[in-house]
Amino acid sequence: MFEKLEMAPADPILGLTEAYNNDPNPAKINLGVGVYKDETGVTPIMTSVHKAEKIILDTEKSKGYLPISGAPAYGKVVRELLFGADDAYPAATAHTPGGTGALRVAAQFLKKFNPNAAVWVSDPTWANHNGIFGDAGFEVKKYTYYNAEDRNLNFDGMRASMQQIPAGDIIILHACCHNPSGIDPTLDQWKQIAQMINDKKLLPLMDFAYQGLGRGLEEDAEGLRTVAAAVDEVVVCSSFSKNFGLYKERVGAITLKGASADDVNKAFSNLKIIIRRLYSNPPSHGGAIVTTIMNDPALRAEWEGEVAQVRGRIAEMRQLFVDTLKAKGVTQDFSFLTGQCGMFSFSGLNPDQVKTLKEKHSIYIVGSGRINVAGMTKANMDPLCTAVAEVL
């Protein structure tokens, strides 16, 4: 069988990192893959995470399997972050291998029990949404989101698109720090979105991968909480790769929120069967780190401070990029970047400019022009902006 296969294309983002790693240029810059880097260009381990790991290593007594859905204590802290400390929603959470694992479980679950639905993603969206839900057998369609000309949210277009979605279909929403545009709805717009979902009888799936990296841990949850308050049934796929820096530990969760505890229990029992057939049990270590930090007031306060530092550095790099381009004589207005949030933004660079940056300057950017702002540093900002100014 193998000899009949053809070579598959490289992943457009992870393949870019592979090319970056093979580039011998010592001045190369990677603004492609969505991984946070500190000022030295390293993805750091948070101090709160180090401390939690020491506690775990000193107290852990077994390497036995976790339950199919993971440790109950983990699910509790996940829901607290999602819905707030006073959460009273009927909901249940399963620990998954990363946010991607949560989305794959959701896709399998939804296809089994809502087989005739279509899945609607924002235009643009994280590229892997198309693959995950397409591989599960869904027809994946697009709703209007981004205004490329003005580089802002095309909310009128989004409303018009949503009005055309048939009842029972699934709509995927980025809860905050929209990937790839960096543009989120306002609270008032979220209220209108929630009302449309309810009126149209759509099933919302909230992809929540960047809580705390936009405006704040509580502020970034406003969209999700607005939808959850207005809609009986919500699926949430969340990740702790970014806000805890637990990329390689693959710590995610899928949370089902329903109209009643009975509804949730029935749905969750079927979700666990899906998980059993995919990977049986989640890994323990990363979830234990999150649970330990969230349940220790001192560690939690330290972690919240570290998340604020990450958020602040990203905002600083946005402003520095805009200021440095202006200082180099670039007349094109890039100030839109400072009004966006999270790790990503559309730079406005076209595919030819992106190609030139890669081939001539060893600067790696996704072909769409999406840039990972967190890959910028004070050290690489000058050569980065010099190169961008040259290709504009």
Side-chain angles (χ1 to χ4, degrees), residues 8-17 32-35 96-112 114-115 117-146 148 153-154 157-158 161-162 164-166 168-185 193 197 202-211 213-214 220 223-224 227 234-242 247 250 252-256 271 274 278 342-346 366-372:
D11 181 270
I13 297 177
L14 298 183
L16 195 69
T17 297
V33 69
V35 175
T96 60
T100 304
L103 287 163
R104 190 63 184 85
V105 170
Q108 193 91 357
F109 172 73
L110 294 171
K111 186 60 183 176
K112 183 172 183 179
N114 197 6
V119 168
W120 294 76
V121 299
S122 62
D123 184 14
T125 193
W126 181 48
N128 216 17
H129 282 153
N130 298 290
I132 291 168
F133 288 89
D135 279 0
F138 281 107
E139 181 181 6
V140 181
K141 300 182 179 182
K142 297 178 180 180
Y143 61 87
T144 300
Y145 191 85
Y146 180 64
L153 175 63
N154 183 355
M158 183 180 181
S161 289
M162 288 182 65
Q164 304 305 312
I165 301 177
D169 276 7
I170 300 155
I171 182 168
I172 296 180
L173 297 158
H174 300 237
C176 75
C177 304
H178 182 271
N179 179 4
S181 74
I183 301 168
D184 295 335
I193 291 167
I197 291 172
L202 308 180
L203 177 61
L205 187 155
M206 307 289 289
D207 189 349
F208 203 3
Y210 303 98
Q211 186 175 3
L213 271 62
D220 289 347
L224 167 62
V227 172
V234 182
V235 178
V236 187
C237 295
S238 53
S239 166
F240 295 124
S241 292
K242 276 72 177 180
Y247 296 92
R250 310 307 297 130
I254 178 171
T255 299
L256 306 182
L271 186 80
I274 299 289
L278 285 173
M343 292 171 57
F344 302 111
S345 285
F346 269 151
V366 179
S368 64
R370 186 200 82 170
I371 54 175
N372 174 20

From [atom1] ([X]) to [atom2] ([Y]), nearest 0.5 Å:
{"X": "C237", "Y": "I254", "atom1": "SG", "atom2": "CD1", "result": "4.5 Å"}
{"X": "I165", "Y": "I171", "atom1": "CD1", "atom2": "CD1", "result": "4.0 Å"}
{"X": "Q164", "Y": "D169", "atom1": "CD", "atom2": "CG", "result": "12.0 Å"}
{"X": "L224", "Y": "C176", "atom1": "CG", "atom2": "SG", "result": "9.5 Å"}
{"X": "Q108", "Y": "L271", "atom1": "CD", "atom2": "CG", "result": "10.5 Å"}
{"X": "Y145", "Y": "M158", "atom1": "OH", "atom2": "CE", "result": "6.0 Å"}

Contact between [X] and [Y] at the side-chain level, heavy atoms closer than 4.5 Å - yes or no?
{"X": "V140", "Y": "H129", "result": "no"}
{"X": "L103", "Y": "F133", "result": "yes"}
{"X": "L205", "Y": "L110", "result": "yes"}
{"X": "W120", "Y": "L202", "result": "no"}

Taking all atoms of both residues into account, what is the closest heavy-atom pair of [X] and [Y], and its distance?
{"X": "D220", "Y": "F208", "result": "O-CZ, 3.5 Å"}
{"X": "P115", "Y": "K111", "result": "O-NZ, 2.9 Å"}
{"X": "S241", "Y": "R250", "result": "OG-NH1, 3.2 Å"}
{"X": "L153", "Y": "P185", "result": "CD2-CA, 3.8 Å"}
{"X": "V119", "Y": "I172", "result": "CG1-CD1, 3.6 Å"}
{"X": "D184", "Y": "C177", "result": "OD2-N, 2.7 Å"}

Task: Contacts of type ring pair (Phe, Tyr, Trp, His ring centres under 6.0 Å), residue F138, not counting sequence neighbours - done: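 With neighbours one apart ignored, the set is empty.
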
Task: Option from T125, D207, N179 for which side chain to side chain donor-acceptor pair (under 3.5 Å) with H174 holds - done: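 Checked T125, D207, N179 against H174; only one passes side chain to side chain donor-acceptor pair (under 3.5 Å): T125.
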
Task: T144 side-chain N/O to S161 backbone N/O, donor-acceptor pair under 3.5 Å - done: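 No, the answer is negative, given that no donor and acceptor are paired below the 3.5 Å cut-off.
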
- [ ] Please assess M162 against I193 for the test side chain to side chain contact (heavy atoms under 4.5 Å, CB included), listing each intermediate value before the final yes or no.
- [x] CA-CA 9 Å; M162 288 182 65; I193 291 167; 4.2 Å; yes

Task: For H178, side chain to side chain donor-acceptor pair (under 3.5 Å) partners two or more places apart - done: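 With neighbours one apart ignored, the set is S122, S181.
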
